[in-house]
There are 2 protein chains.
Amino acid sequence: MNDVAALAGVSLATVSRVINGNAAVRPDLARRVESAVEALGYRRDLTASTLRRSDRASASIGLIIEDVANPFFSTVHRGVEEVARARQVLTFAASSDEEPERERELAEALAARGVDGLVIVPCSRDQGYLLRDRQNGLQLVFVDRPPRFLDADAVVSDSAGGARAAVEHLVAAGHRRIAFLGDRPAVFTAAERRRGYREALAAASIEVDEGLERVGLVDGDAARAAALELLAAPAPPTALFTGQNLITIGALHALRERGLQHTVALVGFDDIVLADVVEPGITVVAQDPRALGHQAAELLFSRLDGNAGDSRLVVVPTTLIARGSGEIPPARESAPRARRRR
Amino acid sequence: MNDVAALAGVSLATVSRVINGNAAVRPDLARRVESAVEALGYRRDLTASTLRRSDRASASIGLIIEDVANPFFSTVHRGVEEVARARQVLTFAASSDEEPERERELAEALAARGVDGLVIVPCSRDQGYLLRDRQNGLQLVFVDRPPRFLDADAVVSDSAGGARAAVEHLVAAGHRRIAFLGDRPAVFTAAERRRGYREALAAASIEVDEGLERVGLVDGDAARAAALELLAAPAPPTALFTGQNLITIGALHALRERGLQHTVALVGFDDIVLADVVEPGITVVAQDPRALGHQAAELLFSRLDGNAGDSRLVVVPTTLIARGSGEIPPARESAPRARRRR
DNA sequence: CTGAAAGCGCTTACAG
DNA sequence: CTGAAAGCGCTTACAG
């Protein structure tokens, strides 16, 4: 910038004014500055600008999700990016891999890099560690799961409601032995989906059978193994309700391996690619991950714009999409051994 | 930092030395600084640090891909992130949406934010605009496609080789009317895959029939429409070779709609989720997007570490995975009208 | 080993 | 409208 000022024969302040376009500058001087910029190939250093300017805005935000390569979260990412893009804001994206320690390291590393705000899928037990950064002006919005021990905005799917809808759908098809395959109960969405599952069973006067619940499934392989075990049990479920995309995929593999994909019903939480091409089509409770990202980013920017109202919790509805797998009726019980009186 | 120095009763310089841990400081002073940091909840401003330090390293890089939500690119992203993470480097990620103007805007916006390097999936005709930034010390590595009009490192898949393998596989199954469905020819990988397709046809003495080539397919819908058109033609192809993941998915939808998934063979470039659950399983030429990301990031960091050798082009091999769809033999020609003499 | 001082590249009151 | 000067939060020669 010094070089530009020297070449244009003006002061540093004038160069800054021309580049920022926020103060009136005599047209001829402005032109001289512009041609000096051109001639020297000058690029403004935005970080230095941020450091000095009064609002300290860096035009960058951070996004912490479970895994940038998980289709659900990468679509949330896309949603955030689209809103940020409209404001010329760039996004740091990072994967916490569901590790609390890593979430915290990432949040602090992002704060240290001067981002204006953070959109976080929280996985730690307590986000209180962010208080300090918020006092330094960092804005926070949580997505997919609400924060804990911190009062902040959040955007989540209606997990319990979606799960109830899934189970009601299976009950309506005649099922009573419905298994639940879920992620670790410490994950908010996994807990909520199990809650919805149990509520729907209760509403249908079906007793909860903990033997039909498999939780702590962290990936597709774990889900496949759990599903194989359930299907091989003496009194196997006639339907599966799977708590998220990777679990659904794992369960599909298990069903295929046992040749049961046309026999055992399946409803998955999260829509997945090719769900309509597989046979039977996979009935899902679809979330709208892009909308989650959009709304989270909108909330963040409204805070950055100065909106200081109470924290908000936005709940995005889910949609049940029937494609076949969820409409399979219960198989005749194959010589069911009486495991429970009733 | 001033507050910390004041509370600890030391100079700014000493605080800086303790925090950076790169110079010896008397243990008692160090302890005083540490407790002051703790008491005040001090967080270092890394951007100010970057501005002043001699190497100007920001410990952040930028990644420009076609779409953060495309499974292929999001896995490349993951690969880059994993390598960056090991070095405590954070990654800005952004989608160019295959728009040259946007690629350029993003690259400049990232450079303005002081990133140490850029990993780019180039889509513009000419990356010469980056020369200026590179002279300012920005390191550049290209991934998925080589740069144009700029000498720089690149990591790409063996597109032509993979395409040849795909077509040879179909030829071996007896096919001679093999369609190619590809992205815009301006996209390097799309052009390379068509080249491989044509080379394999030539090697099998099959004349290229341009009526069997559909290019410029920018998404799944376009691919579906193109496939439907091909399948409805008077002399339809007996096999399809699809040039990337979204096109494969579009073609699958078309085959399903016509009930031809067990009749017309299909080999897709890129592996996709559930490819092994669909019936028939989808034969693909798998890339290794994570490895692409890993290698690109490794190359970038080696440059940042001072490696100044000649530009390198790393070619990552592809793997044909036979799952069923690619092994379907040609259907008896259904009253083929003679369209061409021969 | 420690501190006073200069300065990274920029913006912004403050005079003029 | 313009420029000289201070200063954002840091690091780093330079003396001591």
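Reminder, nothing fancy here: chain letters follow the sequence lines and each chain counts from 1. Only heavy atoms go into these numbers, but all of them, side chains included; no hydrogens, no water, no symmetry mates.
Shortest non-hydrogen contact noted between A/Gly9 and A/Arg32 is O-NH2, 3.3 Å.
Side-chain atoms of B/Thr91 and B/Glu81 include no donor-acceptor pair closer than 3.5 Å. A side-chain donor-acceptor contact under 3.5 Å links A/Asn20 and A/Ser16.
When rounded to the nearest whole Å, the span between CG of A/Leu12 and C1' of D/dA5 equals 11 Å. As rounded to whole Å, 15 Å separates atom C1' of C/dT12 from atom CD1 of A/Ile19. Here D/dT2 presents its P atom at 13 Å from CG of A/Asn22, a figure rounded to the nearest Å. Atoms CG (A/Asn136) and C1' (D/dG9) sit 13 Å apart, rounded to a whole Å. The nearest whole Å value for the distance from the CZ atom in A/Arg26 to the C1' atom in D/dG3 is 12 Å. Following rounding to the nearest Å, A/Arg52 (CZ) and D/dA5 (P) show an atom-to-atom distance of 15 Å. A straight line from CG of A/Asp45 to P of D/dG9 spans 16 Å, rounded to a whole angstrom. At whole-Å resolution of the value, CG in B/Leu46 and C1' in D/dT11 are 12 Å apart.
Phosphate proximity of C/dC10 to A/Ser16: absent, as no side-chain N or O sits under 4.0 Å from OP1 or OP2. Phosphate contact (OP1/OP2 of C/dT11, side-chain N/O of A/Asn20, threshold under 4.0 Å): present. Considering only side-chain N and O atoms, A/Thr14 lies under 4.0 angstrom from the phosphate OP1 or OP2 of D/dG3. Between B/Ser11 and the phosphate of C/dG3, there is a side-chain N or O to OP1/OP2 separation shorter than 4.0 Å. The side chain of A/Arg53 contributes no N or O atom lying less than 4.0 Å from OP1 or OP2 of C/dC10. Not one side-chain nitrogen or oxygen of B/Arg44 sits closer than 4.0 Å to the OP1 or OP2 atom of D/dG9.
Remark: the separation of the C1' atoms in C/dG16 and C/dT12 is 16 Å, to the nearest Å. For the P atoms, the distance linking C/dA15 with C/dT11 amounts to 22 Å, nearest Å.
Using modelled atom types, one side-chain atom of A/Arg145 and one backbone atom of A/Pro122 make a donor-acceptor pair closer than 3.5 Å.
Checked options A/Leu130, A/Leu63, A/Val143; the residue passing with A/Ile120 is A/Leu130 (criterion: side chain to side chain contact (heavy atoms under 4.5 Å, CB included)).
Looking at which nucleotide of DNA chain C each of B/Val10 and A/Ala13 is closest to, the 5′-most match is held by B/Val10. The 5' end of DNA chain C is approached more closely, in terms of each residue's nearest nucleotide, by B/Ala23 than by the other of B/Arg56 and B/Ala23.
You'll find a donor-acceptor pair under 3.5 Å spanning the side chain of B/Arg17 and the base of C/dG3, going by distance alone.
In this structure, B/Thr47 reaches neither bases nor backbone, as no heavy-atom distance under 4.0 Å exists between it and the strands shown. Counting non-hydrogen atoms under 4.0 angstrom, B/Leu29 reaches the backbone sugars and phosphates but no base.
Taking the charged nitrogens against the carboxylate oxygens, B/Asp305 and B/Arg87 do have a contact shorter than 4.0 Å, which makes a salt bridge.
Nucleotide D/dG16 forms a Watson-Crick or G-U wobble pair with C/dC1, both donor-acceptor distances falling under 3.5 Å.
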